[in-house]
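First listed ligand is number 1; within each ligand, the first listed atom is number 1. The residues of the chain are indexed from 1 along the displayed sequence.
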Amino acid sequence: MLKIGDITLKNPVVLAPMAGVCNPAFRLIAKEFGAGLVCAEMVSDKGILYENEKSLKMLYVDEREKPLSLQIFGGERESLVAAAKYVDKNTNADIIDINMGCPVPKITKCDAGAKWLLDPDKIYEMVAATVDAVQKPVTVKMRIGWDDDHIYAVKNAQAVERAGGAAVAVHGRTRVQMYEGTADWDIIGEVKKNVSIPVIGNGDISTPQEAKERLEKYGVDGVMIGRAALGNPWMLYRTVQYLQNGEIAPEPTAREKMNICMLHMDRLIELKGEDVAVREMRKHAAWYLKGLQKTGSVRNEINQTTTRDNMSKLLFGYVDQLEEKQQRIS
Ligand SMILES: Cc1cc2nc3c(=O)[nH]c(=O)nc-3n(C[C@H](O)[C@H](O)[C@H](O)COP(=O)(O)O)c2cc1C
């Protein structure tokens, strides 16, 4: 059983933190599809400290999402610790996660995200200061290293452990790789062998079978799933089912996908209003359509739409046509 601090997860399947994606609307769907833990998108420590409206809104947690991990990022000890204290006192998140993997120059230039990967001493110092300042368990999400010449995954994870971190999630790519190449699970396995806190493996898990294989082969305590869950929360459900009973649940139908897409949109509208939500949902709708036949023209139309009702008309119009075609064939 995966336990982070005093929080026991009901299964080892974790929804990865994804900026622009993991807001309460999608996280709640992931939760309803069975994820043992959902992670929120990263929030800037300075944004929290300066009480930036957008940053504070990102700290909202619906009770139904719990247990939930809220991720912060920063490069300086003082502001990181202060932001962690704010999250500790003012949110109902269960876990405070520190981002140590974001590869984007805007973030690494401020000594935040993946920049930490070059300096295990800094990791120790920053994590220890955060752990000392808060009640909630503190975890870290990291990449394996900065580049091929600086892979300090084991040292860095040990620094997290010594500092009192409650778990570490490891994405098996370097910072320089961004999202290219493949995740190196052998290094994730090395981390697991060299620390005693829970290790959650991450990177390129795209099927329930892969999730199970990685749990068994590398001995990790949990699997974190990111891109494979985009427009596809069934990936989480099917993985949980497969781990529990060895059965592969059927893929969703096109209509089932669109029903969840609309639930997702309606929840996003409640959070952000129709205008913003519909624009944000364009990318999600394209993800929900992924894998279905002949989606070119409906995708183009979705990208122009500004209202909920029009989006619904387009999506279900597409499904009606698809079903008619399937009936004619059968
Ligand atoms: C759109 C997007 C946004 C992401 N945002 C974050 C983030 O806010 N914090 C973080 O630690 N990782 C972030 N990541 C990285 C993912 O959490 C994960 O490590 C990565 O996608 C590899 O896992 P996967 O192969 O299952 O997608 C993001 C990834 C994507 C695709």
K.L.:
Hey, does G203 sit under 4.0 Å from ligand 1 if you only count heavy atoms?
P.N.:
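In this structure, G203 qualifies as a contact of ligand 1 - some heavy atom is under 4.0 Å.
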K.L.:
For atom 5 (N) of ligand 1, what's the nearest protein heavy atom and its distance?
P.N.:
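Atom 5 (N) of ligand 1 sits closest to the protein heavy atom A19 N, 2.7 Å.
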K.L.:
Atom 19 (O) of ligand 1: which protein heavy atom is closest, and how many Å away?
P.N.:
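Answer, as residue, atom name and distance: N202 OD1, 2.6 Å.
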K.L.:
At a 4.0 Å threshold, what atoms of ligand 1 neighbour a non-hydrogen atom of R227?
P.N.:
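This gives 21 (O), 24 (P), 25 (O), 26 (O), 27 (O), 31 (C) as the contact atoms.
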K.L.:
Would you mind telling me if ligand 1 is within reach of the side chain of H171, the backbone, both or neither, using heavy atoms under 4.0 Å?
P.N.:
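It is the side chain that gets close, since no backbone atom is under 4.0 Å.
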K.L.:
Which ligand 1 atoms, with their elements, are less than 4.0 angstrom from a heavy-atom of K141?
P.N.:
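Near K141, the atoms of ligand 1 are 10 (C), 11 (O), 12 (N), 15 (C), 16 (C), 17 (O), 18 (C), 19 (O).
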K.L.:
State the atoms of ligand 1, each with its element, that fall below the 4.0 Å cut-off from a heavy-atom position in N99.
P.N.:
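Matching atoms, with element in brackets: 9 (N), 10 (C), 11 (O).
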K.L.:
Among protein heavy atoms, which lies nearest atom 20 (C) of ligand 1, and at what distance?
P.N.:
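Checked against all protein heavy atoms, atom 20 (C) of ligand 1 sits closest to Y179 CE2, 3.7 Å.
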K.L.:
Using a 3.5 Å cut-off on N or O atoms only, is M42 in polar contact with ligand 1?
P.N.:
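Yes; the residue has a nitrogen or oxygen that sits under 3.5 Å from a nitrogen or oxygen of the ligand.
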K.L.:
Kindly indicate, with the supporting measurements, whether the criterion side-chain contact (heavy atoms from CB on, under 4.5 Å) is fulfilled by K46 and S55.
P.N.:
CA-CA 9 Å; K46 299 244 162 73; S55 301; over 6 Å; no
K.L.:
I need the nearest protein heavy-atom contact for atom 11 (O) of ligand 1: residue, atom name and distance, please.
P.N.:
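Protein heavy atom at minimum distance: Q71 NE2, 2.9 Å.
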K.L.:
Among all protein heavy atoms, pick out the one at the shortest distance from atom 26 (O) of ligand 1; state its residue, atom name and that distance to 0.1 Å.
P.N.:
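Checking every protein heavy atom, the shortest distance to atom 26 (O) of ligand 1 gives G226 N, 2.8 Å.
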K.L.:
Taking atom types as modelled, find out whether E301 and T305 have a side-chain donor-acceptor pair closer than 3.5 angstrom.
P.N.:
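There is no such pair (donor and acceptor under 3.5 Å, judged by atom type) between the side chains of E301 and T305.
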K.L.:
Quick check for you: to the nearest 0.5 Å, what is the distance between I123 atom CD1 and R162 atom CZ?
P.N.:
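Result: 10.0 Å between the selected atoms.
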K.L.:
Is there a heavy atom of F73 sitting under 4.0 angstrom from any atom of ligand 1?
P.N.:
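F73: no contact with ligand 1 (<4.0 Å).
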K.L.:
Tell me, do K115 and W146 make a side-chain contact under 4.5 Å, heavy atoms counted?
P.N.:
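Side-chain contact under 4.5 Å: yes.
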K.L.:
Taking the side chain as every heavy atom from C-beta outward, state whether P208 and Q241 have any atom pair closer than 4.5 Å.
P.N.:
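A side-chain contact under 4.5 Å is absent here.
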K.L.:
Would you mind listing which atoms of ligand 1 come within a distance below 4.0 Å of any non-hydrogen atom of A16?
P.N.:
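Listed by number with element: 17 (O).
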K.L.:
I'd like to know if the side chain of D204 pairs up with that of T182 as donor and acceptor (distance under 3.5 Å, no hydrogens or angles considered).
P.N.:
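The answer is no; no qualifying pair exists.
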K.L.:
With a 4.5 Å limit on heavy-atom distance, are the side chains of I144 and W185 in contact?
P.N.:
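The answer is no, as the side chains (C-beta and beyond) never meet within the 4.5 Å cut-off.
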K.L.:
Distance to 0.1 Å, residue and atom name: give those for the protein heavy atom nearest to atom 17 (O) of ligand 1.
P.N.:
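Going atom by atom, the protein heavy atom closest to atom 17 (O) of ligand 1 ends up being P17 O, 2.8 Å.
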